[in-house]
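These notes are about the structure you will find just below.
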Number of protein chains: 2
Amino acid sequence: MTAKAAGKTPRVDWSWLEAFQSVAEHGSLSAAARASGLSQPTLSRHISALEQTLGVTLFDRTSQGLVLAPAGLGLVEHANTMLSAANRFALHAEGQTQAIEGSVRITASDVVSAYLLPTLVAKMQTEEPRIQVEIVSSDRTGNLLQREADIALRMYQPTQQDVIAKKLGTLNIGLFASKEYIAKHGEPDTLNDFSAHRLVGYDTNHQMIEGYQHAGIRLTQNDFNVRCDNQIVTWELCKAGCGIGVMQLCVGQACDEVCALLQGQTVATLPVWLTAHAELRTSARISRVYEFISEHFVVDSRD
Amino acid sequence: MTAKAAGKTPRVDWSWLEAFQSVAEHGSLSAAARASGLSQPTLSRHISALEQTLGVTLFDRTSQGLVLAPAGLGLVEHANTMLSAANRFALHAEGQTQAIEGSVRITASDVVSAYLLPTLVAKMQTEEPRIQVEIVSSDRTGNLLQREADIALRMYQPTQQDVIAKKLGTLNIGLFASKEYIAKHGEPDTLNDFSAHRLVGYDTNHQMIEGYQHAGIRLTQNDFNVRCDNQIVTWELCKAGCGIGVMQLCVGQACDEVCALLQGQTVATLPVWLTAHAELRTSARISRVYEFISEHFVVDSRD
DNA sequence: ATCTAGCTTTTCATTTTTGAATAGATCAAA
DNA sequence: TTTGATCTATTCAAAAATGAAAAGCTAGAT
């Protein structure tokens, strides 16, 4: 008894194609399951159903996942086309929402999320109590298209197409050390003095190193005594006296435990971009949040 | 309690989008249900789920169906893109099938299906017993893309893109009348004599009228005494002595009850095109059937 | 005014699908 | 070799989706 009996061609459920796309992209049933919110057995069955219906082996099963079989190779292109269209569908639909209530997701860097957004969100809550805000704190480049967030605050000019973007201004970066640290190690007077000091910085994010370089300070990963890929933890380390750290001036200057070095000189600037998907501009509540952030986000200089 | 609660955005199931596309295209749940093989309630719920998840009214419910609401209007484009991609997916997948067994659907006109294909199919069955053949007898332009058939025999050059096509030759059309009719009414000698005779022909298909005109016979719908939109019934009417009818010469001449008029003169020719979707050429069994028809289909002249 | 035809939605018993848990398999590292 | 991590496929009880039938609704015809 063969899988594909004679007679009517069974229906191909689009859910199966969704499963195919996801598994093809993530490389395993488990990974796809984690990403899609379905369970691994479910995806397994969807793939099986698709294979049986089409009478083709789509994936080769290995012990570390499912890899596309020759027959499936040419199909991924069409599945991706479907995914893209589905994304556009969802975006366009979201844009149609006229309800002012509901939640809006904002993504921003850890520091912005922790030190700049809270007061802004609090202010917004009083003006727009029906809008719920969800902050996706992440330094990685969240893909707006994949709807990780509705609105993104970025420290660089967005390259993605289909997004609208607006430069809110720039944030000035300064150097800080805790009072305790300065009392013990003294304060560097010029940029060249830094090599004798302890630095606290990032593990992974190279942007900051480039920032230092731009300010005339040549550094490598090794010049950082304590490294951590979480910017907030880094800042707390700095406050605790572990060394010299970088921070947005407006944040650092509001902090009692630390002093700005070099007389609060700006050693680097970061542009601040507000971005959202173009389709979303017609959504009442997202548009409202967009405008609100645009007006109330505090930057060192608007331009 | 609003439908869309705060927190996580619920997943949009691609099945819902499939339902959306189908309902948007067919104009009602019932029609979409008939077309898709699902039931009305199921589609109704899919649409509802989609609307609830998106928080948008996609359709306005009327007593004669669902019409796209303003918010849904812009979405149909993306849904259609998905459908198109899904169709391509299925076609490409079908092309990957290397199994020689399975069924192949051939669509052709009523006459070709009834009088020309049977012997051909019988011959093919002896050579390829594992291939099951399904004949979709229909005069309307079956859309290959929608998989009404895998292979189509057409009486005109196909315009659809993405199909491969091959002209098999031409079929000559002649005029026939039953012996009984001729005994009673005599046989017309020239083309101009026809106005005094009874004609049997189509109700809807204007192609035939144009065919007559091309042969120098000017006719209108009213010149046909007996009309029927089924070509086979028309031919049976002709054989029963109701009047003069048209038929492929090779078919009419094999028929004892009738005589060819005008000494078997060809009054029109029809091209015969064999077509299939390009993706399907790589499917072993469809390719086999394609070649078989190409070699064995009997036409009056190959060119 | 009533009736009919066609549509959607609701109800409810049934079937199907789902996911947690489990078993089995493979690879990498200790 | 053994252990541990990571994968897929299977099992089975629970949850969800499904379709037949019924109810409700509207437009158009009688």
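Keep in mind that what you see is a predicted model, and the values were worked out from it rather than measured.
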Requested in this report: List for me each residue that meets salt bridge (charged side-chain N to carboxylate O under 4.0 Å, His left out) alongside A:R130, sequence neighbours excluded, and say none if there are none.
Outcome: A:E101

Query raised in the report: Which residues satisfy the salt bridge (charged side-chain N to carboxylate O under 4.0 Å, His left out) test with B:R288, sequence neighbours excluded?
Result: B:E127, B:E128

Requested in this report: Could you list the residues that satisfy side-chain contact (heavy atoms from CB on, under 4.5 Å) with A:A32, not counting sequence neighbours?
Outcome: A:S22, A:V23, A:H26, A:L43

Report task. Mind checking side-chain contact (heavy atoms from CB on, under 4.5 Å) for A:A284 and listing every partner two or more places apart, or none if nothing turns up? Result -> A:Q98, A:I100

Requested in this report: Within residues 62-71 of chain A, find the residues that approach DNA chain C with a heavy atom at under 4.0 Å, and present them sorted by residue number.
Outcome: A:S63, A:Q64

Query raised in the report: Thinking salt bridges, do A:E94 and A:R88 make one under a 4.0 Å N-O criterion?
Result: no

Report task. Return the angle between end axes of the helix from C:dA1-D:dT30 to C:dA30-D:dT1, with five pairs used per end and rounding to 10°. Result -> 20°

Report task. Please identify each residue that fulfils side-chain hydrogen bond (donor to acceptor under 3.5 Å, both in side chains) with B:S287, with sequence neighbours left out. Result -> none

Requested in this report: Tell me, please, which residues at least two apart from A:S39 pass side-chain hydrogen bond (donor to acceptor under 3.5 Å, both in side chains).
Outcome: A:T42

**Report entry** Spacing of A:D110 atom CG and A:I232 atom CD1 [to the nearest 0.5 Å]
**Finding:** 5.0 Å

Query - Heavy-atom contact window of chain A on DNA chain D, given 5' to 3' at under 4.0 Å - result: D:dC7 to D:dT11

**Report entry** Contact boundaries on DNA chain C for chain A, cut-off under 4.0 Å to non-hydrogen atoms
**Finding:** C:dT18 to C:dC27

Query - Any donor-acceptor N/O pair, A:R285 side chain to A:V104 backbone, under 3.5 Å - result: no

For a quick test of your reading: what N or O donor-acceptor pairs under 3.5 Å do the side chains of residues 63-81 of chain A make, sequence neighbours left out?
{"residue": "A:N80", "atom": "OD1", "partner": "A:Q21", "partner atom": "NE2", "Å": "2.8"}
{"residue": "A:N80", "atom": "ND2", "partner": "A:V76", "partner atom": "O", "Å": "3.4"}
{"residue": "A:T81", "atom": "OG1", "partner": "A:E77", "partner atom": "O", "Å": "3.0"}

**Report entry** With B:F20 via ring pair (Phe, Tyr, Trp, His ring centres under 6.0 Å) - residues at least two apart
**Finding:** A:F89, B:F59

Requested in this report: Under 4.0 Å between any heavy atoms, over every strand shown, what does A:S30 touch: base, sugar-phosphate, or nothing? Just pick one.
Outcome: base

